[in-house]
Amino acid sequence: MQKTELQLRDDIVQVGRLMFEKGWIAANDGNMSIRLDDERLLATPTGVSKGMLRAEDLIICNLNGVKLCGERACTTEMAMHVLIYAMRPDIRAVVHAHPPVATGFATAGRALNLALLPEVVISLGSVPLADYGLPGTPALTEGMLPYIPKYDAMLMANHGAVAYAEDILQAFYRMETVEHFARITLVAELLGGPKVLPRVEVQKLFDSRERYRVSSRNRFEPGSPMAAEDMPDPSEKIEMTREQLLAVIDEALKVRGVF
Ligand SMILES: [Zn+2]
């Protein structure tokens, strides 16, 4: 049975509290929305802690992100929600947060795209990294365009992460998977580096999605996720001229601000 607007308001309040308790949002960070019908979105307002929301704080916007009702102001990140709903008719809820480990990867310029854990391969495939875009401007969403059709969660460079699904709890779970995966990847790196699954095993996991009733548009493609065969071989020998070597060193020193 379809939930009432009141129930959906309560769902957002509950997910906001969970995200706050998990430490994924500081101060007034993060935002959430739910597609109410063909014309309206229920969304969190700006300037409020999402851990202390009241159902009446939520606002209603149209599918262009223009506020229709509610006392508080719309978030400047609404454009991201609107774009996801426009590109993905199957999506009914969007959750955006700044979970610290996943955001650490996003800040280091690293996607979570290695085939390491069966659950992550089955549920998300991989988590790409969208280019940085200034919040509150059209640039925020530009980097997401190539990924929205194919992925259900992504990192946003120097910013955070976004996850979306058929309902808000599922979107929250996807965000939880992203942060959990980021933590495990980080630990694996500290312990000598993750061991990536071979392509044949990744394919088996994708094939098992039907059995687990995982509905996702994400497909197994070269590099998403990266299988063992896609990883650079550390023992591979490369050849370069002295000039090329000096150019690489110069570039590295420049990046580090040495000169
Ligand atoms: Zn944000």
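Computed from a prediction, not measured in an experiment: that's the story for all the values here. Atoms considered below: every heavy atom in the structure, side chains included; atoms not considered: hydrogens, waters and symmetry mates. Counting convention: from 1, in listed order, for ligands and their atoms alike. The chain is numbered in sequence order, starting from 1.
- Annotation for Asp233: atom CG counts as buried by contact number, over 12 foreign heavy atoms lying within 6.0 Å.
- In this pair, Phe206 and Phe220 present their aromatic rings parallel. The plane angle is below 30°, not in the 30 to 60° band.
- Take a cut-off of 2.8 Å around the Zn ion (ligand 1): the protein N, O or S atoms inside it are Glu77 OE2, His96 NE2, His98 NE2, His159 NE2.
- Remark: Asp90 pairs with Arg88, Arg217 by the salt bridge (charged side-chain N to carboxylate O under 4.0 Å, His left out) rule, at least two apart or across chains.
- Comment: Glu179 does not engage Lys22 in a salt bridge, judged by the lack of any side-chain N to carboxylate O separation of less than 4.0 angstrom.
- In this view, Tyr85 satisfies the ring pair (Phe, Tyr, Trp, His ring centres under 6.0 Å) rule with no residue, not counting sequence neighbours.
- Annotation: side-chain hydrogen bond (donor to acceptor under 3.5 Å, both in side chains) contacts of Thr103 (sequence neighbours excluded): none.
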